[in-house]
Amino acid sequence: MSHIHQSPATGNSGTRGEPASSRTALIVHTIADVAAAFLGLWILLHLLQANQANVFVQFVEGMANLLAGWSQDIFTMENEHVRFALNYGLPAVVYLFIGHGIAAKIRRG
């Protein structure tokens, strides 16, 4: 007696029964979250005056500068902390909205 397990054909191309669009949406969603996390972490490290000579702090700063290069000096108010938070916070919010919006469209489409 053979006990070969055959899964029914569902039309999904995923290895775990997930459609490819669902996996793609998850990837887009995750990339947006990671980008926003780097920016948020850099804001926190900067405002808490983390050691700029630390390798981890330098890595986070480099990633944040790469991700937020397009938004630098959009806000030019006198309060340095508020200006810094807005110049790095804006791209974090943009990445979240765009990334989650694209992911939602992929899931629906």
Side-chain angles (χ1 to χ4, degrees):
M1 211 164 113
S2 175
H3 288 71
I4 298 172
H5 183 284
Q6 293 180 341
S7 61
T10 59
N12 293 338
S13 62
T15 58
R16 297 182 193 161
E18 298 176 356
S21 62
S22 178
R23 287 191 317 272
T24 303
L26 179 62
I27 290 168
V28 170
H29 187 181
T30 303
I31 290 170
D33 288 348
V34 169
F38 269 113
L39 291 163
L41 183 57
W42 174 234
I43 292 169
L44 183 66
L45 289 172
H46 180 77
L47 294 179
L48 294 175
Q49 299 176 349
N51 179 6
Q52 299 289 324
N54 181 281
V55 174
F56 176 72
V57 174
Q58 290 174 354
F59 174 73
V60 173
E61 179 184 13
M63 290 299 296
N65 286 333
L66 180 71
L67 292 166
W70 59 269
S71 69
Q72 294 307 297
D73 298 326
I74 287 179
F75 300 99
T76 58
M77 61 260 315
E78 289 183 31
N79 186 323
E80 193 262 327
H81 294 302
V82 173
R83 183 182 73 240
F84 185 87
L86 289 174
N87 282 324
Y88 284 94
L90 174 66
V93 171
V94 168
Y95 290 136
L96 285 175
F97 276 119
I98 290 175
H100 288 223
I102 291 171
K105 282 220 177 261
I106 292 171
R107 283 188 189 104
R108 280 187 244 134

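None of the values given here were measured: they were computed from a predicted structure.
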With the 4.5 Å side-chain cut-off for hydrophobic clustering, are Leu96 and Val34 part of the same group? no
Smallest heavy-atom separation, His29 atom then Arg107 atom, equals ND1-NH2, 3.6 Å
Here the pair of heavy atoms bringing Asn54 nearest to Phe56 is OD1-N, 2.7 Å
Between the CD1 atom in Ile106 and the CZ atom in Arg23, the distance rounded to the nearest 0.5 Å is 12.5 Å
Under a 4.5 Å side-chain heavy-atom rule over Ile, Leu, Val, Met, Phe, Trp and Tyr, are Trp42 and Leu44 clustered together? no
Within one Ile-Leu-Val-Met-Phe-Trp-Tyr cluster: Leu66 and Val93, side-chain cutoff 4.5 Å: no
Problem set entry | Common cluster, Leu67/Leu47, ILVMFWY with side-chain heavy-atom separation under 4.5 Å | yes
query: Taking it one step at a time, do Leu41 and Met63 satisfy side-chain contact (heavy atoms from CB on, under 4.5 Å)?
result: CA-CA 10 Å; Leu41 183 57; Met63 290 299 296; over 6 Å; no
CZ (Phe38) and CG (Asp33) are apart, to the nearest 0.5 Å, by 12.5 Å
ILVMFWY network linking Phe97 to Leu90, side-chain heavy atoms under 4.5 angstrom:
no
Heavy-atom closest pair (Asn87 atom, Phe75 atom, distance to 0.1 Å) is OD1-N, 3.0 Å
The residue among Glu80, His81, Glu61 that forms side-chain hydrogen bond (donor to acceptor under 3.5 Å, both in side chains) with His46 is Glu80
In this structure, OH of Tyr88 is separated from CZ of Arg83 (nearest 0.5 Å) by 10.5 Å
Within the distance-only criterion (no hydrogens, no angle test), does the side chain of Gln58 pair as donor or acceptor with the backbone N or O of Gln52 below 3.5 angstrom? yes
Within the structure provided, determine whether Leu39 and Tyr95 are in side-chain contact (heavy-atom separation under 4.5 Å). yes
Looking only at heavy atoms, the pair that brings Ala36 and Ala92 closest together is CB-O, 3.8 Å
When every non-hydrogen atom of Leu86 is compared with those of Pro91, the smallest separation belongs to O-CD, 4.4 Å
So OG of Ser22 and CD1 of Ile27: to nearest 0.5 Å the spacing works out to 10.0 Å
